[in-house]
Amino acid sequence: MNTTQYRPCDLVIYGAMGDLSKRKLIISLYRLDKHNLLEQDTRIIGVDRVEQNRDDFVKIAYQSLQSFLNNTIDEAIWERFSKRLSYLKIDLTDPSQYQQLNHVVDSEKRVMVNYFAVAPFLFKSICQGLDACGVLTPESRMVMEKPIGHDLKSSQEINDVVADVFAEEQVYRIDHYLGKETVLNLLALRFGNSILYTNWNHNSIDHIQITVGEDIGIEGRWEYFDKTGQLRDMLQNHLLQILTFIAMEPPTNLSAESIHAEKIKILKALRPITPRNVDEKTVRGQYTSGHIKGQSVPGYLEEEGANTQSTTETFVAVRVDIDNWRWAGVPIYMRTGKRMPNKRTEIVVNFKPLPHNIFRDSFNELPANKLVIHLQPNEGVDIMMLNKVPGIDGNIKLQQTKLDLSFSETFKNNRIFGGYEKLILEALRGNTTLFLSREEIEQAWIWVDSIQSAWANNHTPPKSYTAGSWGPVASVALLARDGRAWEE
Ligand code: BG6
């Protein structure tokens, strides 16, 4: 998957003083450096409109590590890392100012990787500035991440702006979930194990659940979040990406083209949600005040900067049907929310019950097998199975047991890298497999737009749920209607 030749790069971060850069990019780059994964003369150029010099930027990078690294800073590594950093003050809205890049970037010897860590309204001027200053070559890359629009139309506009300057193969669209070890492990589980491969379809699987719960709220991002909502912030991207990895057909190989092609087929097969079925197939929720891990937390409408009339959802649950041969009749239930009891990202594959029960002494109804994939925290895979309880007296007695593979136990000597580390490295290496193609993003929007417009059409308000719970009761009813329950 990552056989591409690794070349020194000039990584230019537009919006270097922003949240994404400080919280994620600087930290990930430092960690990559620490593990000797950055080429020796790869450089990092921060670009922003803030008036400051290199030393100020280096100081800010250090403070970012102090705040977000969750580990002590290794001063020797920092010393090496900080030498890579430089800073350019550019008003990102003014294309004429990008000429300055010519004095810093060396596109002849290094690959220029342009990381757009800014809001999409700035993409046009950045692209125009880069084009006009002549610093780009066919080898240059551009990296962007969500939000890539708030619907199909706006995402097409953003993609068009970028396509004026960068060819599709130069564009790296990030979904940081695709950098997570356990999401990639889905490929290994599904296509490396015959026991799963042969059972991965409607013959053996009853239904699948995907839960992406966070205990945090909106973390001071009211303005962004309120315009976006949980459907667009999480489900349109992270959950649908997980879904495509679970549901896609086996790709011919691990190339970007093969994987993208299979993912797109799944996105196209998602049954649209309509105003007629939206209330039965989806649940919108918004948290009210409550308690999480013993701390009281405010409701969404009491968060800092809140508009108290907001009807934005902070929780969404959906029943997804995939209209293809493999998944006919197998619902996939997805839920994601803020202010849940804990952080938990998990996939539960529920297998069909056996046709006949010969162990009635133990169970009236034999519990079906379950494959539980823990994406975060505590990465691992469990299989719930029935086993005989040891003993020689009387009847055979069964008990539900867990075959348990914990990554931290099994792969003790392998560090689990974060999503951003993996994806930044892949972008520096020029490997597009784990990035999203334009078509994928647009197909995902088509389906999500069907939900958003059905909600708008029906004026479906969010149902409230107490912070610290797993969402509105309607979410329980969503599965109960089908005779099922969420895995708790
Ligand atoms: C981001 C969303 O994409 O993902 C955030 O904008 C969310 O709202 C975050 O908190 C969750 O990511 P992770 O890696 O912590 O699960």
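Both ligands and their constituent atoms are indexed starting at 1 by order of listing.
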What pairs with K370 under side-chain contact (heavy atoms from CB on, under 4.5 Å), at least two apart in sequence or on another chain?
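If we apply the side-chain contact (heavy atoms from CB on, under 4.5 Å) test to K370, skipping adjacent residues, the hits are V348, N350, V372, M384, E487.
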Under the salt bridge (charged side-chain N to carboxylate O under 4.0 Å, His left out) rule, collect the residues that match up with R190, sequence neighbours excluded.
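R190 satisfies salt bridge (charged side-chain N to carboxylate O under 4.0 Å, His left out) with no residue once adjacent residues are dropped.
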Any donor-acceptor pair under 3.5 Å linking the side-chain atoms of Q230 with those of T336?
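Result is yes, a qualifying pair exists.
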Residues two or more places apart in sequence or in another chain: which of them pass side chain to side chain donor-acceptor pair (under 3.5 Å) with R80?
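Here the qualifying residues are D33, N36.
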Which label fits Y420 and H176: parallel for a plane angle under 30°, tilted from 30 to 60°, or perpendicular past 60°?
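Answer is parallel, since the angle falls under 30°.
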So does R438 get a backbone contact from the side chain of E168, meaning a donor-acceptor N/O pair under 3.5 Å?
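Yes; judged by distance alone, with no hydrogens or angles, the pair exists.
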Tell me, which residues have any heavy atom less than 4.0 Å from some atom of ligand 1?
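Contacting ligand 1 under 4.0 Å are K146, H176, Y177, K180, E214, I216, R221, D233, M234, H238, K338, K343, Q376.
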